[in-house]
Amino acid sequence: LGRYDKQIQCAKRASAVIGHRFVGYRNVQIATALGYGYALTGDRDSAIRAIQNLNDILPRGAPAWLRQGWHLAAADILELIGRPGAAAAEALRGISGEHAVLHAPTYAGSFARWMAVVGLKAGLTNVGRTLRQLHDQLNSYDAIDQVEILGAILLWHSADTCRSGEGLT
C-alpha cells in the first residue's frame, strides 16, 4: 500500500511483455494498476493515457464482464484525477444498458458504489432493487466489496429520503 512508484514500474514491465495487443483480463489489470498509480502520484496525463491505451485496443466483442469492469475502473481513475463529470459518464456506461446487472462478483463493490453515486442523477430506476439484491448476497463478497455495498446503500438511502420514489424498504 502506498508504493505507487513500484506499482507503476511493475505494471510497465507487465505491459512491455504483452505489448500493444489485447490478450484479455491482463490488459485491464495492467491499465488499472497504471491508471491508479499515476493518479495517486499526481500524474494526470499518464493516467489518462493509461485509460486511452486500453480503450484503443479493447475489442467491442470483449466479454461483458470485462468491459463492465473496465468502465468502472476507468471511472475510478477519472475520479481520482479530479474529473468527476468524465468519471460519472464512464461509470454510467458500466452500470446501465447491457451493464445494468452485475456481470462478475469481482466488481460488486464498485458497481454498487457507482450505482449509488450516479444512479440518482442519471434517473436510473433499478438502483434500489439492485442494491437490495447485492445486500441479500452480501456474505458472498469479499470484505472490501461488502463495505462498498453497505456504503452505497447508505448513500442511496440518504438520497432516497430527500425524494419520493424507489427506496430500500
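FYI, the numbering just counts along the sequence from 1. Values in this document were obtained by computation on a predicted structure and should not be read as measured data.
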Exercise: identify the closest heavy-atom pair between Leu78 and Ala86: CD1-O, 3.7 Å
Interatomic spacing from NE2 in His103 to CD in Glu98 - rounded to 0.5 Å: 5.5 Å
Trace of the side chain to side chain contact (heavy atoms under 4.5 Å, CB included) decision for Phe111 with Thr130: CA-CA 10 Å; Phe111 180 76; Thr130 300; 3.4 Å; yes
Heavy-atom pair with the smallest gap, counting every atom of Ala104 and Trp65: CB-CB, 3.9 Å
ring-ring contact (aromatic ring centres under 6.0 Å, His included) pairs, two or more places apart, involving residues 129-153: none
Donor-acceptor pairs under 3.5 Å, side chain of residues 30-57 to any protein atom, not counting sequence neighbours: which ones?
unit_1, atom_1, unit_2, atom_2, d
Thr32, OG1, Val28, O, 2.7
Tyr36, OH, Asp76, OD2, 3.0
Thr41, OG1, Gly37, O, 3.0
Thr41, OG1, Tyr38, O, 3.1
Asp43, OD1, Ser46, N, 3.1
Asp43, OD1, Ser46, OG, 3.2
Asp43, OD2, Ser46, OG, 2.8
Arg44, NE, Ile81, O, 2.8
Arg44, NH2, Ile81, O, 2.9
Ser46, OG, Arg49, NH2, 2.9
Gln52, NE2, Asp56, OD1, 2.6
Asn53, ND2, Arg49, O, 3.3
Asn55, OD1, Trp70, NE1, 2.7

Any donor-acceptor N/O pair, Gln68 side chain to His99 backbone, under 3.5 Å: yes
Leu155 CG to Leu120 CG distance, which is reported to the nearest 0.5 Å: 8.5 Å
Euclidean distance, Met115 CE relative to Leu92 CG, rounded to 0.5 Å: 9.5 Å
Sidechain-backbone polar pair: Arg113 side chain, Ile149 backbone, donor-acceptor under 3.5 Å: no
Sidechain-backbone polar pair: Arg21 side chain, Ile18 backbone, donor-acceptor under 3.5 Å: yes
Atom of Ala116, atom of Ala152 and distance for their closest heavy-atom approach: CB-O, 3.4 Å
Flag if over 12 foreign heavy atoms under 6.0 Å of CZ, Arg83: no
Intermediate values then yes/no, side chain to side chain contact (heavy atoms under 4.5 Å, CB included), Val23 and Arg26: CA-CA 7 Å; Val23 296; Arg26 277 181 250 155; 4.2 Å; yes
Exercise: identify the closest heavy-atom pair between Ala91 and Val118: CB-CG2, 4.0 Å
Same apolar cluster: Ile8 and Ile77, side chain cutoff 4.5 Å: no
Aromatic ring pairing Tyr25/Tyr107, orientation class (parallel under 30°, perpendicular over 60°, tilted between): perpendicular
Closest approach of Trp114 to Ala87 (non-hydrogen atoms, all atoms of both residues): CH2-CB, 3.9 Å
Side chain to side chain contact (heavy atoms under 4.5 Å, CB included) between Leu102 and Ile95, worked out: CA-CA 8 Å; Leu102 178 64; Ile95 63 170; over 6 Å; no
Short side-chain to backbone donor-acceptor contact, Asn126 and Arg129, under 3.5 Å: no
Ile153 and its side chain to side chain contact (heavy atoms under 4.5 Å, CB included) partner, picked from Leu131, Leu134, Leu138: Leu131
